[in-house]
Student: 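Submitted below is the structure of interest, expressed as structure tokens.
Side chains are part of it too, since the values below use all heavy atoms of this structure and drop only hydrogens, waters and symmetry mates.
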Amino acid sequence: MRETLGVAWRDLVLPAKVPDLEVPTSIAAMGACARFSLRLPSAQARAVDQAGGFALSGGVNSAITSGGSISARLGPDEWLLIGPEEQGDALSQAIEVDLDGRFFSLVDVSHRNAAIAVAGREARAVLNAGIALDLDDAAFPPGSATRTLLGKAEIVLIRPGAECVYWVECWRSFAAYVHGFLMEAAREFGPHR
Amino acid sequence: MLLVNCPYCGARPEIEFRCGGEAHIARPVQPSALDDEAWAEHLYFRTNPKGTHAERWLHVHGCGRWFNALRDTVSDAFTASYTMGEQRPDAGKEGE
Amino acid sequence: MRRFSLPTLVAGALNAHRSWPRQWRDPEPKAYYDTVIVGGGAHGLGTAYYLAKEYGLTNVAVLEKGWIGGGNSGRNTTIIRSNYLYDESASLYEHALKLWERLSDELNYNIMYSARGVLMLAHTVHDVQSLKRHVYANRLNGIDNEWLTPAEARAFCPPLDISAGARYPVMGAALQRRGGTARHDAVVWGYARSADAMGVDIIQNCEVLGFTRGSGGAVSGLETTRGTIRTRRVGVVAAGHTSVVMARAGLRMPLESFPLQALVSEPVKPVFPCVVMSNAVHAYISQSDKGELVIGAGTDQYVSYSQQGGLHITTHTLEAICELFPQFRRMKTMRSWAGIVDVTPDRSPIIGKTPVPGLYVNCGWGTGGFKATPGSAQVFAHTLATGEPHPVNAPFTLDRFRTGRLIDEAAAAAVAH
Amino acid sequence: MAPTTVAQPYRFAKGGRIDRTRPVHFLFNGRTIAGFAGDSVASALLANGVHLVGRSFKYHRPRGILSHGVDEPNALLDVSRGPGRRDPNNRATMVEATDGLVTRSQNHWPSLKRDIWAVNDLLAPIIVAGFYYKTFKWPRTFWHRLYEPAIRAAAGLGLAPTEDDPDRYVHRHAHCDVLVIGSGPAGLAAALAASGSGKRVIVADEQAELGGTLLHDASSTIDGESAEAWLAGALAMLRAQRNVTLLPRTTAFGYYNHNHIAMVERLVDHPAPGSTALPRERLWQVRAKQVVLATGAHERPLAFADNDRPGIMMAESIRVFLNRYAVAPGRRIVFATSGASAYQAAADAKAAGLDVTMVDTRPEAGCGVQSARLRALGIEVLTGHTVLGSVGRMKVRGLIVAPRDATDRIGSRRTIACDAVGLSGGWTPAVHLFSQSRGKPVYRDDIDAFVPGTSVQAERSAGAAKGTYDLAAALAEGWRAGAEAAGLDGTRSFAVSPPTRTGFTPARKLPTDVDASRVRAFIDFQNDVAAKDVELAVREGFESVEHVKRYTTTGMATDQGKTSNMAALGLVSDALGRPVPQVGTTTFRPPYTPVSFGAIVGQARDALFDPIRTTPLHDWAVAQGAVFEPVGLWRRARFFPKRGEDMHAAVARECRAVRSAVGIFDASTLGKIEVVGPDAAEFMNRIYTNAWAKLEPGRCRYGLMLKEDGFIFDDGVVARLARDRFHVTTTTGGAARVLAHMEDYLQTEWSNLQVYLTSVTEQWSVIAVQGPRARAVIAPLVSGMDLSQEAFPHMAVRIGKICGVPTRLFRVAFTGELGYEVNVSADHARAVWEAVYESGRTFGITPYGTEAMHVLRAERGFIVVGQDTDGTVTPEDAGLAAMIAKTKPDFVGKRSLMRPDMVAADRKQLVGLATQVPQLVLDEGAQIVADPRAPIPMKMLGHVTSSYWSTACGHSIALALVSGGCARLGQTLYATTPTGFAAVRVVEPVFFDRHGERVNGDFAHA
Ligand SMILES: Cc1cc2nc3c(=O)[nH]c(=O)nc-3n(C[C@H](O)[C@H](O)[C@H](O)COP(=O)(O)OP(=O)(O)OC[C@H]3O[C@@H](n4cnc5c(N)ncnc54)[C@H](O)[C@@H]3O)c2cc1C
Ligand SMILES: NC(=O)c1ccc[n+]([C@@H]2O[C@H](COP(=O)([O-])OP(=O)(O)OC[C@H]3O[C@@H](n4cnc5c(N)ncnc54)[C@H](O)[C@@H]3O)[C@@H](O)[C@H]2O)c1
Ligand SMILES: Cc1cc2nc3c(=O)[nH]c(=O)nc-3n(C[C@H](O)[C@H](O)[C@H](O)COP(=O)(O)O)c2cc1C
Ligand SMILES: [Zn+2]
């Protein structure tokens, strides 16, 4: 992704990899995404149900996945919306259209965060080296999302689906720490990447 | 490490929270109308009770919401958490 | 008071130490005292001692709800120093330090004041500015404090890691050579023994439950778990419990009480020659005469009277300790504990009158009052005896919160940028 | 059965849980010790006839192995597992024997057998409890120079590690429904019961093998099976369940608030170290819904003269060594007991073919059928006897006993020759964790022990931990506890045969026929506290058990008094004539047993100690050879030295470049907050001192923020992007706390305002391009924006593109020069930076760091919050009175500014200082006085907050806070220097471009 036609390239804080579900743990940085922090009073959210294709109907600490997009509700009036990189502008416009006339705040945070996928049988053990939450299926089922801490870094933890794949989002300057932390925690589980 | 009950997220480990001290100390509507004594009282003087304490908590590494909670400062047991603006659940019984 | 000395100790050995008298009596409370001190910590006992010794006031009682020294006096990390920034604080702590230097003699009790030096580390450019500000201010106040390069710091404290690759490299340090430690329990017992010998009644298991008030609202006595005691002058020196005691006199205080933790390692042979403090990474450490590494941790974030803190607080401190002294990772903690510290908005103490006539208070020492013990006790005795503050404690009024003349050492060390 | 192996003369040929197919060898004081997998270091030493393993803390008395578990006070060894893997004070009873271990005894010089410090034992009559308080005070200087160093050298046990630890440690947070601590019969029964619910169960035990006392119970049958078989069955059942996690070698050491339990699991010390990717230890932090405490009980020794000789150990420990480790602690064993459990040990010893004598302090009538049964086995049983002492020096050779009658009259002495002694003074339930959970233990007279009282947290105790010593009862109690914890009802009984031998008569200090006040009957073995020390303490008025502890140090050693605390408080109770419950216990505190710092710290070391935050431009700066400084968690480039340059040269060059041409600076760490909503301006009005309503979109304004106490909290440039949208910047260090401060007011005081706040610190990287050529540098790169002075004046913001990507372009000048701050999305920063740099080459663009930035802003008199202000500075003090909107009725901090001391004339105010010697750069932090010849303590007027060499001015510059400073312009004052004082003149705090004309840069030239 070097400079073409004078347009600045995009430099990810961690080089992206594809998660490997076969090994006990796989820790792979994800590619670029479009991300928005949406703030909207909960009553409004109930009224509109969705914006720009992102579902707003989930409860606090849930994530609704559709297509390539995730709508993670982190608080009563806060959503982290994640979509394909190339659709960033289109998504934000669509959201603004859908919420037009309401009190809301939509802020582009695409570059603020980095994402790392932690997958595999031992994914929870690895995450629980630094996350104090209960990640058992009963406590953190597929479709869960929350802000929390991993060691000394704030993260957003999302479990989009049923497989043992967890999506760890953090502010980009914490990415090296978060990645290092996960790698360290995964060391005892043998080969990983 | 306490287990703090966020009204929005449920029970979460204390490290996700920041405690904001005594609750229900409303900022005066017109601070300039207060004399120095009353202003000092607002800024600095606290109940600091040995017993039930109404206090503010921020779920800073969670939903980001401020809320209030009642906790016994001897046993550290929480008896209630409630959203900002709600009345203290044991109102009228403070100071016991 | 039987003198303590090597000859009397040897003599004691000859009769199997059967004839040592009590170090202090266990008197029944009298109906009336000229002055009552609430709180049998080192500050309270010291106050009684100076009242008797310097002001001839001996009809004095110290009321302690538990056992003397069971509060913070008995649970602190015993660091003594006087290298404070502001004139007010510097003069208070230096006043104390001078008393420390001859306290064993004065009390005829070896309180093991050990001037092994307090080294405060700078890890950032901002720390350097702040510590140099202290060094210069101390110099002009006649208080020893010197600036050391990293190499000099390491020479003074060989276990210190000064490698440039450290997460927070050591950029220099301030050293107060006269700073050090003392045997905290001995301070309590030494004051108790000497005060008792001059007639002060030390009454344990006696909790103050309330105040009786006379004309003009003045204090006329105290309700306690051991009955009513009449008095016209009360000095409350109840540390973490000050708010509780003062509430019983109808007063709200600018105080909050937090659990503050400390821990000791297993004992080892001498390995750590001085006291090291680092504000940037939140750690302080020394080694006791018995061999444990004595490590101070932080406070919990919430008000509590539980004398128990969370593991994450001590974890945070041990992280910092191991960062500064990686070779200690295989050391083991042997015991951890907490005390309840009363913290004022400017983290400086309050020593003086209250709005209630006859009621005086000495509180707000927070995480750092052990070092002040003799000084605090002496100026508080002065205040109680004369009704007027000693020049040293004059600035430490309750009124400063109204006027805004705070003495905020911590704010002065503000975090940069 | 008789000991056979030659190499291990005290090892039985059969039996035990050791693996004879896996021999191990380790060193003890240089001697090779042979043992088997499954041995502890203690059992292997005993198998080889080694009893002397250490010297005591104070008197340096020879000491052996007292127990078989965590309560061991004596057998503390220095253990090395290779380079960097050495640590002191390890309990020989808990260290698993493995190949290659190097163990050493401690606290002696020159050798274990010949220890010079043993003179202390001769001084024992003098160095009693608290002796040091009474002496060493004269002459005063001797304390520090002589006495204290001597005391320190004598005290302490082992040697601290000196090398960095190569091992790793990790943390694990876990949740479960039922946490069972202890896997003896009670714990296993609890786990079995709870596991049936399908709920999550964790079982932790500090021993290498699960099973507790069942591991050495050779006599009981449970439900018709041998204890061993029952144990195997129970473990197999638990292992088969997916909802059960079994954690051997895991000590629960702390029971904290809200059922937060800390445990440490040892993972690699048992096999050869360094052989796996496993961490050495794992700290588990378990949040359990319910806890079952089945932690068993600790045996108490008996107190009599010289009860501390090597070879004297606990009766139950003898049983453990015999049955679990197949080791005979001696061939002629005397048991001395005040209770029944030792009879089982004696019977087991006899069964193992050893020569056994039993001495019971209880009268014959008090011993029930036990004594008769033992006699039937051919064992001599002396009831109604006291123990008067022991003989032997490095190892016990005999026990001196004598009959006593009901009035404690002592009969004639008899020395029973022996090579090992088993003591039993009864049992103390391990209520440590219960007590840590804030439960108050209650005293049970019938077993002379404190047992758990009312639960405070969601926990329950079972088995010996609760004073239930009968095996059948312990199993049933465990079952019930487990079931209840899992929310099941259901009880179960277990058929156990033979019934457990229980019951004892407490014996504080055995009666003696000599002057009791001279007898050293040890209670705290490690700290050398004898019964008479406790009595001395009480005599001297130390009546509270807490005072006794602190005066005598009993219970303060590494074992925290597991074997001694009951004895101490029993003695206090006797001495005061107060019942035990009134005396009470001392406080149980974490950790239950010592825990390595490493485990507690876990991963948080080196790069993972604290996150190191770097900006997207960091690597570029690294490649340029920048020198960095830590600022909070951030690493910022401080300067960019060229070959041969020191900091001063580099900074001077960087400053010159900015003033004369153009510089480029990474300001990405600045905090940024997007304030959005219809009430955004109103919100800004309330939070900041200055006014915002009239700021037009597209314009920027410098904002100042106070805390409610009136002191400066933060500052920064704020851009209004739209009516309802502000882009706020904060200081680097202030980013998080400013956002928190704003959120606090927004949510808790002004929740009716329609505003949302979002941190965009890391969304936007900031490339500051500063200097007269700044515009020329960026002009070719931007699109969609008119950079002309008219269209884009100073303190304006525009949204457009740079290098084809969106930018929020600020025209601001913290350096005082024409300047832009290019905000671009972080992933684009590197590309844009390189493009700017490229574009600037023709103008000599120079990267500069924080140091130059500081000089440049100081030349212009711009403050840095946190450096030129601390938490005690008001806007007025900082010369920023103009920032206070007079018309606003209120903003955060306004009221405080009206307090009497906030307007006092002598407040410290920001001024500039010019040194008399232009080259002299003052120290930041230097103090300022009016008269350097004044006596000490000298009145200080203020201090230097910023101080630099200014290339632009050709002299040094400084900012300072000086009392009444504004009124002192022109005065000469003195600032401290490392060697004395320097004269300075008070000047306006602006040194360069006094009227701020340079912000228009090349526009001015144009
Ligand atoms: C873990 C820790 C580490 C510390 N480290 C240091 C350090 O290194 N250096 C330093 O200088 N300072 C340190 N401190 C602070 C220092 O311990 C205290 O400031 C100091 O000991 C206070 O002494 P005191 O006599 O005022 O209080 P205390 O010793 O607490 O005495 C107050 C007494 O009042 C009694 N009391 C309370 N209420 C009543 C009542 N109603 N009736 C009767 N009696 C009552 C209490 O029982 C208590 O004994 C530390 C504190 C802690 C907790
Ligand atoms: N005869 C007597 O008078 C007498 C007295 C006491 C005990 N006993 C016997 O003791 C047994 C009692 O069974 P039980 O299950 O209660 O106890 P137990 O001693 O069999 O098991 C307790 C287990 O807890 C573990 N443990 C203790 N503290 C721990 C901690 N903090 N972390 C992790 N593990 C810890 C120990 O390693 C041990 O394995 C019975 O066999 C009983 O007969 C007999
Ligand atoms: C300087 C200092 C050194 C200590 N050293 C020891 C020690 O060697 N062993 C020990 O068990 N406790 C030690 N303690 C802790 C005390 O046992 C005790 O925990 C502390 O006084 C708090 O009291 P509490 O735990 O009874 O509440 C020490 C305490 C202090 C203040
Ligand atoms: Zn929440």
Student: Mind checking ring pair (Phe, Tyr, Trp, His ring centres under 6.0 Å) for D:H258 and listing every partner two or more places apart, or none if nothing turns up?
Tutor: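 By the ring pair (Phe, Tyr, Trp, His ring centres under 6.0 Å) rule, D:H258 matches B:F78.
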Student: To the nearest 0.5 Å, tell me how far D:T614 OG1 sits from A:R172 CZ.
Tutor: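 D:T614 OG1 to A:R172 CZ: 8.5 Å, rounded to 0.5 Å.
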Student: Go through the atoms of D:W634 and report whether side chain, backbone, both or neither lie under 4.5 Å from a heavy atom of chain A.
Tutor: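 Side chain only.
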Student: Decide, yes or no, whether a salt bridge links A:E184 with D:R168 under the criterion of side-chain N to carboxylate O below 4.0 Å.
Tutor: yes
Student: Please flag which part of D:S759 lies under 4.5 Å from any non-hydrogen atom of chain A: side chain, backbone, both or neither.
Tutor: both
Student: Show every salt bridge (charged side-chain N to carboxylate O under 4.0 Å, His left out) that has at least one partner inside residues 23-46 of chain A, sequence neighbours left out.
Tutor: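 Matches after skipping sequence neighbours: A:R35-A:E169, A:R39-A:D77.
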Student: Taking only heavy atoms into account, what residues of residues 118-149 of chain A are found under 4.5 Å from chain D?
Tutor: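 Expected list: A:A125, A:N128, A:A129, A:G130, A:I131, A:A132, A:L133, A:D134, A:D136.
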Student: Can a donor-acceptor pair be found, under 3.5 Å and without considering hydrogens, that links the side chain of A:K152 to the backbone of D:F609?
Tutor: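 Yes, the answer is positive, given that a donor and an acceptor are paired below the 3.5 Å cut-off.
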Student: Heavy-atom distance under 4.5 Å to chain A: side chain of D:L608, backbone, both or neither?
Tutor: both
Student: Pick one of side chain, backbone, both or neither for D:L283, based on which atoms fall under 4.5 Å of a heavy atom in chain A.
Tutor: neither
Student: Do any of residues 103-113 of chain A have a heavy atom less than 4.5 Å from a heavy atom of chain D, and if so, which, in residue order?
Tutor: A:F103, A:F104, A:S105, A:L106, A:V107, A:D108, A:V109, A:S110, A:H111, A:R112
Student: If you tally heavy-atom pairs under 4.5 Å against chain D, which of A:G180, A:S173, A:A176, A:G151 wins?
Tutor: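 Most heavy-atom pairs under 4.5 Å with chain D: A:S173.
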